Amino acid sequence: MPRPPGRHAESTDPHAAALLALSDAIARGGGTVDETTLETARAAGVTDAEIAEVVGNLALNILTNYFNIVADTERIPLVTPHQAA
């Protein structure tokens with residue numbers, strides 16, 4: 001079975017790959033991102049507006065997850081996190 005590219009922060013499109021890598025770095029770093037990661041994203045053409053959008057989407061997903069935890073909503077389907085390579 002092929003690996004879902006988005007879940008593994010991969011894309012054949014360099015711009016999309018840079019956005020995915022940035023999102024992955026922010027999520028795994030607990031919101032902290034180093035300057036090299038930002039420079040790499042910007043070199044691939046990622047704009048400040050797109051960086052803000054990535055941060056906003058991550059924050060919205062975290063907020064949604066917290067509400068679901070507090071409300072004890074049933075999570076269907078259960079997805080287990082993959083381990084970073």
Side-chain angles (χ1 to χ4, degrees):
M1 177 178 212
R3 293 170 26 142
R7 186 164 184 211
H8 295 275
E10 300 169 351
S11 176
T12 56
D13 176 80
H15 189 82
L19 288 167
L20 288 166
L22 177 62
S23 177
D24 191 57
I26 294 169
R28 291 186 186 281
T32 302
V33 107
D34 60 35
E35 194 59 37
T36 303
T37 302
L38 289 172
E39 288 172 4
T40 301
R42 287 190 174 107
V46 175
T47 66
D48 287 344
E50 289 172 315
I51 292 170
E53 188 174 348
V54 166
V55 172
N57 278 300
L58 285 168
L60 183 58
N61 280 311
I62 291 167
L63 180 66
T64 300
N65 287 341
Y66 284 177
F67 272 111
N68 285 330
I69 290 167
V70 169
D72 196 27
T73 56
E74 186 175 357
R75 292 172 281 287
I76 300 174
L78 179 62
V79 177
T80 56
H82 75 282
Q83 297 300 316

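For clarity, every value in this text was computed on a predicted model and none was experimentally measured.
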Rounded at 0.5 Å granularity, tell me how far [atom1] in [X] sits from [atom2] in [Y].
X: Glu35; Y: Thr40; atom1: CD; atom2: OG1; answer: 10.0 Å
X: Leu60; Y: Thr64; atom1: CG; atom2: OG1; answer: 4.5 Å
X: Leu58; Y: Ile26; atom1: CG; atom2: CD1; answer: 6.0 Å

Report task. Let me see the working for Arg42 and Ile51 under side-chain contact (heavy atoms from CB on, under 4.5 Å), right down to the final yes or no. Result -> CA-CA 9 Å; Arg42 287 190 174 107; Ile51 292 170; 3.9 Å; yes
Report task. Indicate yes or no for a side-chain donor-acceptor contact from Ser23 to the backbone of Leu19 under 3.5 Å, with no hydrogens or angles considered. Result ->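 Absent.
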Report task. Please check if any side-chain donor atom of Asp34 sits under 3.5 Å from a side-chain acceptor atom of Thr37, or the reverse. Result ->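 Their side chains do contain a donor-acceptor pair, which is all the 3.5 Å distance test asks for.
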Report task. Mind running side-chain contact (heavy atoms from CB on, under 4.5 Å) on Val54 and Glu50 for me, showing each step along the way? Result -> CA-CA 6 Å; Val54 166; Glu50 289 172 315; 5.6 Å; no
Query - same_hphob_cluster(Leu20, Val46) at 4.5 Å side-chain heavy-atom cutoff - result: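 Different hydrophobic clusters.
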Query raised in the report: Do you know which two heavy atoms are closest between Ala18 and Ala44, and how far apart they sit?
Result: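 So the minimum-distance heavy-atom pair works out to CB-CB, 3.4 Å.
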